[in-house]
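Right, one structure below, let's go through it.
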Amino acid sequence: MTDSSFLPLVVIAGRPNVGKSTLFNRLVGRRQAIVSDMPGVTRDRKEGEALLRGRRVRLIDTAGLEEAAPDTLYGRMRASSESAVAQADLVLFCIDARAGVTPADKHFAAWLRKQNKPVLLLANKAEGSAATSEVLESYSLGLGAPLALSAEHGEGIAHLMGEIADRLPEGERVRVKSRSRSKPSDEDGETEEEDERPAGPLRLAIVGRPNAGKSTLLNCLLGEERMITGPEPGLTRDSISVALHDEVGPIQLVDTAGLRRKARIEKDLERMSVSASIEALKMAEVVVLTLDATLGVHEQDLQIARLIEREGRACVLALNKWDAVEDRAVTRQAIADRIETSLAQMRGIPVVTFSALTGAGVNKLLPAVRRAHEVWNSRVTTGELNRWFEAALERHQPPLVDGRRLKLRYMTQAKSRPPTFILFGTRAEMLPEAYKRYLVNGLRETFHLPGTPIRLQLRGTKNPYADSKS
């Protein structure tokens, strides 16, 4: 996988609602950024990789450029966009061809000319012939000849890709290779797609309720003000992916929008934000569930944890704002008791306490993430597994079902990520839930699998004489 920090940086800038996110999605080749008719949807910088005419680039979608005081939300959004432009190898300055050149376009075009950065002027929403005069008017911005296109309809995108590739610093071009669709199988004939260990970075998602401090945590880990933060809840609207390195290797870190109860989600935009957060959770290998320690464990926190378990992801519980907790021993015990009783399927989940605002204790988080990732990748040999299994059967015999005792024969681990075991035996599929929990708890304790989801699949063998007539 390419280290994106070494790729040429292309930044999309412009005032709100000129189609920057639509263009970003078009160039990266998938619907990665949230798009809405409402202006100001994008607040944080959204990054993605794009392959443009054989040149692989790092593409950034920015918040709309607006005049605002520095201490306001829009002022913080503008500062984030200006920071991205300062690092750019090429700036794509978008205007709305249907609206024509506005005073805001002129203001920010003048600002861009002073930045000493290569700029490509894009007249977006120029579908058909209706916007021709407005496209010609954009010459007045002093940024060279405008490139007319329609990101929504794909018009002019091929030409734009060529222009971007030609204006970037010289670099190696990539030849696209087709991927094999074949997948290895295990002895039982099951594909091992999820069990393959990719060479890429560890995929980590930060999730939680609104205002738990997720974006502040990401900024602290990066050591820069990458995400927009503030006292207003729900500032993060989209899932934002950034690259990070620790002493072990690369991490692809995703900050997500706060997850609220379904009953409180009212607007289409928030539904899209929640959908993006859930998708990021599903794509992650390890999930950091961030809680406001001053508020304790809320029912919605437990619902998110259950979703993490259902998706089979490793989890680390992050108690943020720990510096504001008065009685830490009582608070930690109360949280531990609530987790133990409500999340038995994730018993032993690692807990890290810190303050993302001051940075105290944050250094403990990534080592805990790495340990959770190792557990999630754990494998147990068949010999070890069945020696334990025989002892478990001796300690607690399988129950009677319909007056007959189940005959459980042996176990094997089908895959890791998360650890998944298959239990074979006569009528094994009828095994009661209580006995399944007994086996899962034994696996967790014996083979040191704390906090990770454990899957136990049952494979019964039918008695060929059971239905025969004498």
Side-chain angles (χ1 to χ4, degrees), residues 4 7-29 32-33 35 42 45-65 78 80-102 104-127 131-171 173-174:
S4 61
L7 296 175
L9 182 62
V10 179
V11 173
I12 305 174
R15 61 183 177 81
N17 218 30
V18 295
K20 298 185 298 298
S21 295
T22 304
L23 177 61
F24 175 87
N25 288 342
R26 182 69 69 174
L27 291 176
V28 298
Q32 188 170 324
V35 176
T42 302
R45 306 197 300 263
K46 182 88 174 179
E47 294 190 19
E49 284 189 25
L51 185 61
L52 311 176
R53 290 291 188 268
R55 294 295 305 276
R56 196 173 293 280
V57 304
R58 185 168 148 227
L59 199 66
I60 292 187
D61 178 26
T62 63
L65 291 166
R78 177 178 172 177
S80 176
S81 299
E82 290 177 352
S83 175
V85 169
Q87 303 171 49
D89 293 298
L90 176 65
V91 178
L92 307 182
F93 184 59
C94 278
I95 66 168
D96 183 342
R98 290 184 300 204
V101 175
T102 67
D105 292 327
K106 292 179 181 178
H107 174 80
F108 290 112
W111 173 79
L112 271 176
R113 290 198 301 271
K114 297 175 184 177
Q115 305 309 305
N116 196 28
K117 294 284 182 180
V119 178
L120 181 56
L121 177 60
L122 307 182
N124 191 25
K125 305 183 185 180
E127 54 270 13
T132 303
S133 61
E134 285 78 5
V135 171
L136 295 175
E137 183 189 356
S138 61
Y139 275 95
S140 64
L141 294 175
L143 296 174
L147 196 159
L149 57 90
S150 170
E152 184 177 0
H153 298 93
E155 296 175 13
I157 297 299
H159 185 198
L160 171 61
M161 289 179 174
E163 286 289 328
I164 293 173
D166 291 342
R167 294 177 186 232
L168 289 174
E170 287 298 321
R173 295 186 181 261
V174 179

Please find the pair of heavy atoms, one from Val85 and one from Ala13, that lie closest to each other, and give the distance.
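Looking at all heavy atoms of both residues, the closest pair is CG2-CB, 4.4 Å.
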Residue pair Arg58 / Leu7: nearest heavy atoms and the distance that separates them
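So the minimum-distance heavy-atom pair works out to N-CB, 3.9 Å.
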Could you point out which residue of Leu92, Thr62, Ile60, Val18 forms a side-chain contact (heavy atoms from CB on, under 4.5 Å) with Ile12?
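Between Ile12 and the candidates, side-chain contact (heavy atoms from CB on, under 4.5 Å) is satisfied uniquely by Leu92.
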Going from [atom1] on [X] to [atom2] on [Y], what distance comes out if it is rounded to the nearest 0.5 angstrom?
{"X": "Ile157", "Y": "Ser150", "atom1": "CD1", "atom2": "OG", "value": "7.5 Å"}
{"X": "Phe24", "Y": "Lys20", "atom1": "CZ", "atom2": "NZ", "value": "12.5 Å"}
{"X": "Leu149", "Y": "Leu147", "atom1": "CG", "atom2": "CG", "value": "6.0 Å"}
{"X": "Phe108", "Y": "Gln115", "atom1": "CZ", "atom2": "CD", "value": "11.5 Å"}
{"X": "Asp61", "Y": "Leu23", "atom1": "CG", "atom2": "CG", "value": "8.5 Å"}
{"X": "Asp166", "Y": "Glu163", "atom1": "CG", "atom2": "CD", "value": "6.0 Å"}

Start with the C-alpha distance between Arg56 and Leu51, add both sets of side-chain angles, then the distance that settles side-chain contact (heavy atoms from CB on, under 4.5 Å), and finish with yes or no.
CA-CA 4 Å; Arg56 196 173 293 280; Leu51 185 61; 4.2 Å; yes
Between [X] and [Y], is any pair of side-chain heavy atoms under 4.5 Å apart?
{"X": "Leu90", "Y": "Val11", "answer": "no"}
{"X": "Leu160", "Y": "Leu120", "answer": "yes"}
{"X": "Ile164", "Y": "Val10", "answer": "yes"}

Asp96/Lys125 ion pair, N-O < 4.0 Å
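So Asp96 pairs with Lys125 through a salt bridge.
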Does Ala151 offer a backbone N or O that forms a donor-acceptor pair with the side chain of Asn124 under 3.5 Å?
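Yes.
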Please determine whether side-chain contact (heavy atoms from CB on, under 4.5 Å) holds for the pair Glu49 and Leu59, giving the CA-CA distance in whole Å, both sets of side-chain angles, and the decisive distance to 0.1 Å.
CA-CA 6 Å; Glu49 284 189 25; Leu59 199 66; over 6 Å; no
After noting the C-alpha distance and the side-chain angles of Arg15 and Asn17, does the key distance pass the side-chain contact (heavy atoms from CB on, under 4.5 Å) rule?
CA-CA 7 Å; Arg15 61 183 177 81; Asn17 218 30; 5.8 Å; no
Quick one: do Leu141 and Val101 satisfy side-chain contact (heavy atoms from CB on, under 4.5 Å)? Show the steps, please.
CA-CA 8 Å; Leu141 294 175; Val101 175; 3.6 Å; yes
Going by atom types alone, do Thr102 and Asp105 pair a side-chain donor with an acceptor below 3.5 Å?
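Yes, side-chain donor-acceptor contact under 3.5 Å.
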